[in-house]
Amino acid sequence: MPNPFYVTTPIYYVNDRPHIGHAYTTIAADFLTRFHVLAGREAFFLTGTDEHGSKVAEAAQAAGLTEIEFCDRTVEHFKKAWESLLINYSYFIRTTSERHKEAVWKILDAMRQAKTNDGQEAVYSDYYEGRYCTGCEKFMTEKELVDGICTLHDRKAELIKEKNYFFRLSAYLPEIKRRIKSNEFLILPEERRREVLGLIDQNIGDFSLSREKVKWGIPLSFDDSQLAYVWVDALTNYISAIGYADDQESFEKWWNGAEAVHLMAKDILKFHCLYWPAMLLAAGVKIPNTVFLHGFFTVDGEKMSKSLGKKIDPIDMVNEFGADATRYLLLTQFPFGIDGDIQVDRFARQYNSDLANDLGNLVSRVAKLIATNFDSKLPEPKKDLSGLKALMSTAEKVPGSVYSHVKHFAPDKAIAEAINLVKAGNKYFNDTAPWKLAKEGKTDELGGVLYACCEILRIVSIMLYPIMPNKMQELRSVLSLDDSTLSLKNAQTFFELKPGTKIKLKEAIFPRLDVKKTIESKAESKSSDNADNNGLLDFAEFARAKLKVALVIEAEKIEGTDKLLKLQIDLGTEKRQIVAGVAEHYSPEEITGKKIIVVSNLKPAKIRGVESNGMLLAAKSDGKLTLVSLASDLPAGSDVS
């Protein structure tokens, strides 16, 4: 019996709503979990939210909520997103929960009692002065800053001096290095492993376990004037959720007795590959078996950013492509583990190519011929057909090959193997031309071909189940299959389907998309949302925007909408056209001649077929919208800061 499989995502920070970056890691963890279960392993899948720290407190204050109210609200966004994406997690951990707090206290107490090999206390008190980035929730070295600014968050790191408790990280690095080199502690991909070893050789200093001036977090059990450092708090979730402090039997099974795997993006490498194992070593707890750090991805060649329109809501993708196809599309854009680019316009084309044309069309053609020629009942197999041995040989290799990719954390390759089997099924169907066999009255041969194609679809329904669970259940329903045969073992044999089984396809499993219409609708919807939303920007977007004073020199309504006006504006050195969602509040005559503030560095967009080269600023209260105006008159083209 294989040991259990325990996989985690990072816990996601609640100062942001879920986006495809979060979804990418979470879908991958869900896929791996489901496949190991297919293979007969017990599995536990953990995800959750990181709810403490200065960033959360700031975001809550900005929203006019208490910290816990803000956290409760954002947690629901994550849970809704994961439900829409068919994420079947075993447990959702919240760092504001009581059981998590108890686990943080337990591990910190254990670390405080620990001694290093040379007899020093693992935890000690000292003063620290340095530059702290609230966005990263860490002190930054001068090498990590550019003119005192964190380049990741584009904000100045604050100079802080305070009394903290420190952890003697340096004392545990030699043991971590030994375990990495011996592969007792596996860091993947290899590039990340080399990066961690390089960090160790740089003689990384000790790190703070606590913060004195942060007010939202877990107080230390031994000094309530200090709060646990947010990363110490956050990392402990991996063991708090499985009973480290309150359920020893569960902890023994899912941590000490399991293959423990952490999935995440590479930006949090140091915390997971150095801080976390060192903390565990000091506390006398087993370290994880594997940390897999996937790469970053851009959207259409640009970094994900709300202000650039490059932050994709996974729920929007579900509404457009369905949950199963969204999961499939996100995990098949590029190899798991490397940096890559997600090309949004490619989604619809890939959906049609892989799912509607290859898989969906094979299901439809096979079911239709069985309905027409065999009264919708599965015909008898025929084992001496031309090309069948080669097809069977391909099919019988797929389950083992796919599972090998799963065990090596290559979901994209695993999915590609299953899709290649679909392509092999299509080739066999086209080569044998069953529609011709039907016309020629070769009933036995026709039945044998269709039976073989149904077997391919049965195997595919198992292999693709972990990535598209609902759609593969639909496919299995077409073949009159239940969950009793939904296992890797059942995918490893041919001729499992019983002749006479009802084959019933009510509607296409993957309806074909109109690619041109989908792309145009997406572009217009995004632009229209921006305009119809009254041009309002959140603070992060505002800070990145280039604002200028503009004079409205002409205005007219846009046909077919009551919300939009087309404005001709003067920016001093140039004239532009913008579209604004203000028609319900300002007539063309009222707005003409006004000085307005516009965002001048937006990419051109078409809104209801009209080109817009900017966005005005406005405010809204009790349903009334007011243009943002100036306290004194400034010439058109003046910068606003």
Side-chain angles (χ1 to χ4, degrees), residues 8-30 45-97 100 134-135 137 153 216-217 230 233-234 237 241 263-265 267-268 297 299 303-327 329-331 342 344 470 522 525-526 529-530 532-533 536-542:
T8 71
T9 70
I11 48 174
Y12 302 115
Y13 220 50
V14 292
N15 68 331
D16 197 5
R17 290 197 179 194
H19 53 67
I20 58 169
H22 302 122
Y24 183 69
T25 313
T26 309
I27 293 168
D30 186 78
F45 166 24
L46 175 69
T47 191
T49 43
D50 183 0
E51 303 179 24
H52 289 135
S54 301
K55 282 192 292 186
V56 176
E58 289 175 6
Q61 185 178 20
L65 300 170
T66 66
E67 289 90 350
I68 194 63
E69 287 172 342
F70 180 81
C71 292
D72 288 345
R73 185 178 70 175
T74 309
V75 163
E76 289 309 307
H77 292 313
F78 276 95
K79 287 186 174 180
K80 181 181 177 183
W82 299 160
E83 181 181 5
S84 73
L85 285 166
L86 311 177
I87 302 299
N88 188 31
Y89 52 79
S90 307
Y91 190 80
F92 190 101
I93 183 68
R94 297 185 59 180
T95 58
T96 51
S97 67
H100 178 73
T134 305
E137 293 283 13
H153 294 95
W216 176 240
V230 68
D233 171 359
N237 93 88
L263 296 186
M264 71 208 65
D267 57 327
I268 47 180
F297 56 80
V299 178
K303 182 181 176 181
M304 282 198 301
S305 165
K306 287 187 286 184
S307 59
L308 293 174
K310 298 296 181 184
K311 204 161 193 178
I312 302 172
D313 188 329
I315 294 178
D316 289 343
M317 281 193 69
V318 170
N319 291 337
E320 185 170 354
F321 300 105
D324 295 80
T326 295
R327 291 163 60 97
L329 292 170
L330 285 179
L331 275 199
I342 286 181
V344 177
N470 282 1
K522 184 187 292 288
S525 174
K526 182 183 291 185
D529 283 348
N530 285 340
D532 290 350
N533 206 26
L536 297 177
L537 303 172
D538 68 22
F539 181 78
E541 293 167 328
F542 182 85

Which distance, rounded to the nearest 0.5 Å, do you find between the OG1 of T26 and the CH2 of W82? 3.5 Å

Verify, without hydrogens or angle tests, whether D50 (side chain) and I11 (backbone) share a donor-acceptor contact under 3.5 angstrom. no

Donor-acceptor pair, side chain of D30 and main chain of I87, under 3.5 angstrom: no

Separation between OH (Y89) and CD (E83), nearest 0.5 Å, reads 8.0 Å

Close side-chain approach of Y13 and H22, heavy atoms under 4.5 Å: no

State, yes or no, whether a side-chain contact exists between N15 and T74 at a heavy-atom distance under 4.5 Å. no

Is there a donor-acceptor pair closer than 3.5 Å between any side-chain N or O of H100 and the backbone N or O of D233? yes

Interatomic spacing from CD1 in I315 to CD1 in I20 - rounded to 0.5 Å: 13.5 Å

Between A63 and R73, which heavy-atom pair has the shortest distance, and what is it? CB-NH2, 3.8 Å

Identified side chain to side chain contact (heavy atoms under 4.5 Å, CB included) counterpart of P18 within the set K80, H77, K79: H77

Kindly indicate whether the side chain of E58, heavy atoms from C-beta on, has any atom under 4.5 Å from the side chain of W216. no

So which heavy atom on V318 is nearest to which on A323, and how close? CG1-N, 3.8 Å

Side chains of I93 and T8 in contact at under 4.5 Å (non-hydrogen atoms): no

Any non-hydrogen side-chain atom of P10 less than 4.5 Å from a side-chain atom of T25? yes

State, yes or no, whether a side-chain contact exists between N237 and L46 at a heavy-atom distance under 4.5 Å. yes

Side-chain donor/acceptor of T326 to backbone N/O of M317, under 3.5 Å: yes

Parallel under 30°, tilted from 30 to 60°, perpendicular over 60°: which one fits the rings of F78 and Y12? parallel

Closest heavy-atom pair, G21 versus F297, reported as atoms and distance to 0.1 Å, is CA-CZ, 3.6 Å

Report the distance from atom CG of L331 to atom CD1 of I27, rounding to the nearest 0.5 Å. 6.0 Å

In Å, rounded to the nearest 0.5 Å, how long is the span from NE2 of H52 to CD of E67? 9.0 Å

So, for T95 and E51, which heavy atoms are closest and what is the spacing to 0.1 Å? OG1-N, 2.8 Å

Y24 and L330 have their tightest heavy-atom pair at CE1-O, 3.3 Å

Does the side chain of F70 reach to within under 4.5 Å of the side chain of V56, using non-hydrogen atoms? yes

